[in-house]
Q: 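Input: one structure, supplied below.
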Amino acid sequence: MALQFYNTMSRSLEEFRPMEAGRVRMYTCGPTVYNRAHIGNFRAYVFEDLLRRHLKASGYALTHVMNLTDVDDKTIRTSLAEGLPLKDFTKRYIDGFFEDIAALNIERAEHYPAATDYIPEMIELIQALLDKGVAYASEDGSIYFSIEKFPEYGRLAHLDRAGLRPGARVAQDEFEKEDAADFALWKAWSEKDGDVAWDAPWGRGRPGWHIECSAMSMKYLGPSFDIHCGGVDNIFPHHECEIAQSESATGKPFVRYWLHCAHLVVDGKKMSKSLGNFFTLGDLLGEGFSGREIRYQLLATHYRQTLNFTREGLLAARAALARVDEFSDRLRQRAGSVVAGERPEWASAGLAAFRAAMDHDLNVSEGLAALFDMLRAGNKGLDGGEISPAGAAAALSVLAELDNVLGVLKPAGVEADADVLALVEQRQAARAAKQWAESDRLRDEIASRGWLVQDSAQGPKLRRK
RNA sequence: GGCGCGGUAGCCAAGUGGUAAGGCGGAGGUCUGCAAAACCUCUAUUCGUGGGUUCGAUUCCCACCCGCGCCUCCA
C-alpha cells in the first residue's frame with residue numbers, strides 16, 4: 001500500500017507523491033517565542049516529527065522548515081513590559097524551545113528561520129502584491145490584502161464569504177480596511193510597538209503575522225512545495241491567508257498536501273490556566289515524568305483525533321515503555337556481540353505491519369499494536385530458547401528501525417556504580433547460602449540506590465528504577 | 001446560524017459491510033527461596049439512542065441526544 005495522507009484541502013485520503021522524486025519539501029508552523037510552549041503545542045510538533053521521521057524511513061530526503069515567530073503583538077508587548085530589546089527577549093524563548101524539543105527527542109528541522117531575519121523578503125513579497133493590485137495601503141500606512149481579489153479564499157477552511165460572520169473579535173483598526181475580512185500584510189508603526197519597526201517603501205511598521213510563512217517558505221522551498229502542517233486552528237485564518245498571498249504573488253499552486261493535527265485536552269477538558277490543567281513541558285518534567293513518557297503519550301493517539309492527556313495516561317506510557325525497554329535489553333543480552341543474521345519471521349512481520357500502518361496516514365495506534373505483537377512473539381521465543389544470538393541481533397535492528405520513527409526507546413543503558421555492583425555480589429553470596437533475609441535486605445538497599453535487581457537463569461540483572 | 005470533529009470495555013485507543021487491534025489497569029495460572037520480569041488464560045455477545053437499507057451494520061443512510069473545535073492573528 002502506498003503512502004497516503006489525509007489532505008485537509010480535499011478532505012480525503014490521497015496517495016502521497018512529492019513534486020521531486022525522492023525529496024520532500026515541507027513547512028510546519030512553529031512557535032511564537034514569547035513564553036514557554038505548552039503541552040498542546042508539543043502535540044503538534046511531535047506529530048510533525050513523526051511525519052518527518054516516517055518520511056525519512058520511507059526513503060525520502062527531506063527539506064523541512066519551521067518558522068520562529070519572533071515579532072507579533074505578544075512578543076512586542078511582553079518584551080516592552082520586561083524592558084528588554086525584542087531580540088534579547090525572544091532569544092530566551094527560542095533557546096527554551098530548542099531545549100524542550102530536545103527533551104522530547106524531536107529531530108531538528110533543516111531550517112528554523114526567525115521572522116525578523118527575513119523582513120526584506122517580506123517587504124519584497126508585499127511589494128509584489130501591491131504591484132499586482134491585490135493589496136492596498138490604508139490611511140495609516142498599513143497594507144492589507146484584498147480578499148475579493150482572491151476568489152479561492154476560504155477553500156481550505158470550507159468557509160465562503162457569506163459564512164464569515166462579522167464577529168465580536170473585530171479589532172479596533174478594522175475601519176481602515178476596505179472589507180472587514182481583509183487581513184494585514186504590514187502594520188503601520190504605533191506607539192505600542194516601541195522601537196520595533198522597519199522601514200518599507202510605504203512607511204515604517206512591522207509585518208503582519210501571515211506574511212512571514214509565505215516569504216520564508218518561498219525562500220527555502222520555492223513557490224510550490226509538498227507538505228504544510230499545523231494545528232487545526234491554523235486552517236483559518238492563517239493557512240488560508242498564506243495561500244492567498246503566496247498564490248497571488250507567484251501564480252503557482254502553493255502547497256500540495258495540507259496536514260493538520262487536532263488539539264489535545266487535559267482530563268477531557270480544554271486546557272486552560274483557570275482550570276489548572278495548563279502544562280508546559282517543564283511542569284511535567286518537574287513532576288518526574290520523562291521526556292519520552294510525555295512523547296509516547298503525545299504520539300500514541302492518531303494525529304487527527306483529539307488527544308486526552310492525563311496523568312494516568314503518562315503512567316500507562318511509563319509501564320508500556322518499561323516493557324519495551326525490557327524486551328530490548330533481553331534481545332541485547334541474547335545477541336551479545338554477534339553479527340545480525342536472518343530476521344526472525346515475527347520481526348519482519350512486525351516491521352512490515354508497522355510500516356503499513358504508518359503509510360496509512362500515520363496510523364500510529366496500529367503501528368504500536370504491531371510493535372507489541374512483535375514484542376510478545378519475541379519474548380515468547382526468548383522464553384522458549386528458540387532465538388539464536390544472530391536472530392536476536394537481527395530483531396534488535398528491527399526494533400531500532402521502528403524506533404527511528406517512534407523515537408521512544410531508552411538511550412543506551414547506564415552502568416551501575418561499583419558499590420552497587422558490590423552489593424549485588426554480596427546478595428548473590430547470601431542467596432547461595434540461602435540467607436534469604438539478608439538477600440532481601442540487600443535487594444532493598446540496592447533499590448534505595450536506584451536500581452532494581454531481577455534474578456534470572458542467567459544471573460542477577462540490574463535495571464534503573 | 002455556517003463549517004467540521006467525536007461518542008468503542010474501569011481508563012487510553014485502533015478498526016472493518018461479514019461478526020470487536022493494541023496499551024494501561026484488574027483476576028487467575030506457569031516460573032521463582034520470595035519477588036521482579038516474561039509467558040498463558042480471563043476481563044465489550046457488543047461499538048451514544050431510535051429507525052432504515054442489507055442475507056448481514058459498530059461500519060452505509062435518516063433522525064435524535066451528548067461532548068468538542070473553528071468562523072480573523074490560539075498547535
Q: With rounding to the closest Å, how many angstrom separate the P atoms on B:G26 and B:G1?
A: 46 Å
Q: Roughly how many Å apart are B:U59 and B:C47, using the C1' atom of each and rounding to a whole number?
A: 10 Å
Q: Of the listed nucleotides (B:C24, B:C73, B:A38), which one gets closest to any side-chain atom of A:A184?
A: B:C73
Q: Tell me if a side-chain donor or acceptor on A:D49 pairs with a main-chain N or O of A:E107 at a distance below 3.5 Å.
A: yes
Q: Please identify which of these residues, A:Y303, A:F97, A:F98, meets the ring-ring contact (aromatic ring centres under 6.0 Å, His included) condition with A:Y45.
A: A:F97
Q: Could you check whether A:L264 gets within reach of a base, just the sugar-phosphate, or nothing at all, counting any heavy atom under 4.0 Å?
A: base
Q: Starting at the 5' end of RNA chain B, what dot-bracket string do you get if Watson-Crick and G-U pairs under 3.5 Å are bracketed, crossing pairs use [ ], other-strand pairs use | and unpaired bases use dots?
A: (((((((..(((.....[...)))((((((.......))))))....(((((..]....))))))))))))....
Q: Base, sugar-phosphate, or nothing: which does A:A316 touch, judged by heavy atoms less than 4.0 Å apart?
A: sugar-phosphate
Q: With rounding to whole Å, what would you report as the distance between B:U8 and B:U49 at their C1' atoms?
A: 15 Å
Q: Given A:D70, which partner from the list A:T116, A:T32, A:T75 fulfils the side-chain hydrogen bond (donor to acceptor under 3.5 Å, both in side chains) test?
A: A:T116
Q: From the set B:A75, B:G6, B:U72, return the single nucleotide nearest to any side-chain atom of A:Q305.
A: B:G6
Q: Got a donor-acceptor contact below 3.5 angstrom from the A:E240 side chain to the A:R155 backbone?
A: yes
Q: What's A:D373 touching, base or sugar-phosphate or nothing? Going by heavy atoms closer than 4.0 Å.
A: sugar-phosphate
Q: According to a cutoff of under 5.5 Å between the ring centres and under 30° between the ring planes, does A:W436 stack with the base of B:G33?
A: yes
Q: Tell me which nucleotide among B:A14, B:G33, B:C34 gets nearest to the side chain of A:H302.
A: B:A14
Q: Looking only at atom C1', what distance separates B:G56 and B:U19, rounded to whole Å?
A: 9 Å
Q: Consider the side chain of A:D440, meaning its heavy atoms from C-beta on, and name the nucleotide among B:C34, B:A14, B:A37 that approaches it most closely.
A: B:C34
Q: In whole angstrom, give me the gap between the C1' atoms of B:G2 and B:A9.
A: 37 Å
Q: Compare all side-chain heavy atoms of A:Y112 with those of A:I94 and state whether any distance is below 4.5 angstrom.
A: no
Q: Tell me whether the NZ or CZ atom of A:R304 lies within the 45° cone about the ring axis of A:Y6 and under 6.0 Å from its centre.
A: yes
Q: Reckon A:S439 touches a base, only the sugar-phosphate, or nothing at all at heavy-atom distances under 4.0 Å?
A: base
Q: Regarding A:K270, tell me which of base, sugar-phosphate or nothing describes its non-hydrogen contacts under 4.0 Å with the strands shown.
A: sugar-phosphate
Q: Touch check for A:R323, heavy atoms < 4.0 angstrom, all strands: base, sugar-phosphate only, or nothing?
A: sugar-phosphate
Q: When you get a sec, tell me which of B:C12, B:A37, B:A75 is the closest nucleotide to the side chain of A:R43?
A: B:A75
Q: Is A:G313 touching bases, backbone alone, or none of the nucleic acid, heavy atoms closer than 4.0 Å?
A: nothing
Q: Nearest to the side chain of A:N363 - B:A75, B:A14, B:G33?
A: B:A14
Q: Which part of the nucleic acid does A:V364 contact within heavy-atom distance under 4.0 Å: base, sugar-phosphate only, or nothing?
A: nothing
Q: Taking the P atom in each of B:A20 and B:U58, what is the distance between them to the nearest angstrom?
A: 11 Å
Q: What distance separates A:F354 CZ from A:D359 CG, expressed to the nearest 0.5 Å?
A: 10.0 Å
Q: Could you check whether any side-chain N or O of A:R11 sits under 3.5 Å from a backbone N or O of A:T8, counting only pairs where one atom can act as donor and the other as acceptor?
A: yes
Q: Using a cut-off of 4.0 Å on non-hydrogen atoms, how would the nucleic acid contact of A:N379 be classed: base, sugar-phosphate, or nothing?
A: sugar-phosphate
Q: Base, sugar-phosphate alone, or nothing: which one does A:A157 contact when heavy atoms must sit under 4.0 Å apart?
A: sugar-phosphate
Q: Taking atom P in both B:G48 and B:G10, compute the distance separating them and give it to the nearest angstrom.
A: 14 Å
Q: What's the gap between B:C60 and B:G15 when it is taken at their P atoms, as a whole Å value?
A: 12 Å
Q: Just call it for A:N234: base, sugar-phosphate, or nothing, with non-hydrogen atoms closer than 4.0 Å on any strand.
A: sugar-phosphate
